[in-house]
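Just below is one structure, and these are the notes that go with it.
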Amino acid sequence: MTLLEAAAALRRREVSSAELTAAALHRIERLNPSTNAMQTVMAEAARERAKLADEELARGEGRGPLHGIPIAVKDLFYTKGVRTTGGSKLFESHVPDHDATVVEWLRGGGAVLVGKTGMHELAYGITSSNPHFGAVRNPWDRDRIPGGSSGGSGAAVAAGMVAMAMGSDTGGSIRVPAAYCGVVGLKPTYGRVSRYGAMPLAFSLDHMGPLTRSVRDAGAVLNVIGGYDPRDETSSRRAAENYVPDLAPSLRGVRIGLPENFYFERLDPDVDAAVRAAFHSAEARGAEIVPLPVPEIAAINTVARLILMAEASALHERHLEQRDLFGADVLALLDQGRLLPATDYINAQRLRRGMQREFARLWKRVDCLFTPTTPITAPRIGETAATICGLDEDVRLATTRLVRAINALGLPAVSIPCGADRRGLPVGLQIVGPPFAEALILRVAQALVPAEVPVPRL
Amino acid sequence: MSKDWKKIARASGLTIPDAALERIAQSLDALEADFRPLVRALPPESEPAVAFHADALPAEWEDAE
């Protein structure tokens, strides 16, 4: 059942929040030992909150579509009185005294928080194979990674533990697990969703967004978490809108960009075929496909990596004397960032501005871009290299190759499932739009995916 | 020409073990090779994407006053 279907059932009194919450907790109990999607389960607090939600609903005090719905958040969102580790040994005993804005607004909308999802250490990686809290496993094949860094959120949603889990995305960390787990992952425009109270990785690249089993659910969540927050200096004052698309929207008049360079180079053939099929589906629904060259994405990726390394290392420098508290991969990245001169960081931010301007020209010709989310499907746990078109590529760099630039540009993007590879593993389609065009990319996405995305039988 | 990351680390007073530096040197060299040509092509009038606003204070600071 999707979030909005559950909400409708609640309103019709066909089910109670207590029952939905009990079902979520039961599924977590059954499937968490094999997936490790949930790092912290808040069973007692969730039952109490669900009871309150039912009482409010009985009094006719509905707070909206999230009222009484069990949800989860990545374990980097501050939760008052509940441990928030960021997947790090450094913060294993950290209990915040306040909620992140996103958590506060979700709770205000009546959502029932059942747990905190596992993640890559410090959100700095794409495997979610956490050395301190264990590897999160992909529900489609538990020998494979769910992607990351919001791997627990992707796995929890795909496994049907919750209808929505919040993630964060600094270089693909919502879209990658969405692609590898076969769910919907929305990275809104930078500034659309508050970062306040979410443990940062890189201030100018961090984005917060939902992972769901339907596009409309992602829109419903953005309706609650999107908007101006004075506690986040980069929060946009631009008015939020209704982000829930119609059930069967038309794509007539929508111009979809088909990148002629970069995005379709070096793809697994199954990924290539699935994504190209999505163009045909969109065309059949009335969209106009516009082949066009895109700016130098490899250069934007380089700039994004440099900014990420510098910002993340600046943030964690004070902890770096405690080297044994870090996993090897994260420590290596943090060490690299410390060796970059300040001039490189400033120049990367100067290049970023120019690239933003250059990319903006694209939106005169098209309304959105379709690209694969990842060039491969979910790799096996522990795999460090992937062979794509006969060439070996580092799994982390391959996985982020098609998503990282979008963080530097701050653009909204959604990953939706668009088929499967020869092993039955999900393939992700990334839809990128101009700044604050979340409603548009969700409308396009809704036209292409079923009401609820297929999930593994568990 | 690749940079001597060990010397840079020592000159910066960073306590990164030599073995760790050897492991990350290749990755840093690759980043350097990709990044340096971009900087060389950067027009002088380009402003950074990070902006400081003299009239803006975080809301929680205002609350604290």
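Order of the sequence lines fixes the chain letters, A, B, ..., with proteins taken first and strands second; residue numbering starts at 1 for each chain. Keep in mind that this is a model prediction, so the values were computed, not measured. Worth knowing before you read on, the calculation uses all heavy atoms, side chains too, and leaves out hydrogens, waters and symmetry mates.
In this structure, chain B has a heavy atom under 4.5 Å from the side chain of A:Tyr345, while its backbone stays farther away. Contacts of A:Ala348 with chain B are made by both backbone and side-chain atoms, with heavy-atom separations under 4.5 Å. Looking at A:Leu333, neither its backbone nor its side chain comes within 4.5 Å of chain B, counting heavy atoms on both sides. Heavy atoms closer than 4.5 Å to chain A are found in the side chain of B:Ala20, but not in its backbone. Of the two parts of B:Thr15, the backbone and the side chain both hold a non-hydrogen atom closer than 4.5 Å to a non-hydrogen atom of chain A. For chain A, the nearby part of B:Pro43 is the backbone; its heavy atoms alone come within less than 4.5 Å.
The nearest pair of heavy atoms linking A:Arg353 to B:Glu47 is CB-O, 3.5 Å.
Without hydrogens or angle criteria, A:Arg350 side chain to B:Val39 main chain gives no donor-acceptor distance under 3.5 Å. No donor-acceptor pair closer than 3.5 Å links the side chain of A:Arg323 to the backbone N or O of B:Ile16.
Between atom CG of residue A:Leu397 and atom OG of residue B:Ser27 there is a gap of 7.0 Å, rounded to the nearest 0.5 Å. With rounding to the nearest 0.5 Å, the separation of CD in B:Glu32 from OG1 in A:Thr302 is 11.5 Å. A distance of 7.5 Å separates CZ of B:Arg36 from CG of A:Asn347, quoted to the nearest 0.5 Å. Taken from CG in B:Leu31 to CG in A:Asn301, the straight-line distance is 11.5 Å, to the nearest 0.5 Å. Taken to the nearest 0.5 Å, the CG atom of A:Leu339 stands 6.5 Å off from the CH2 atom of B:Trp5. To the nearest 0.5 Å, atom CG of residue B:Leu28 and atom CG of residue A:Asp335 are 9.5 Å apart.
The residue among B:Leu21, B:Leu14, B:Leu38 with the most heavy atom pairs within less than 4.5 Å of chain A is B:Leu38. The candidate with the highest count of non-hydrogen atom pairs below 4.5 Å against chain B, out of A:Glu296, A:Met309, A:Gln356, A:Arg338, is A:Arg338.
The neighbour count for A:Glu265 CD, taken as heavy atoms of other residues, nucleotides or ligands under 6.0 Å away, is above 12.
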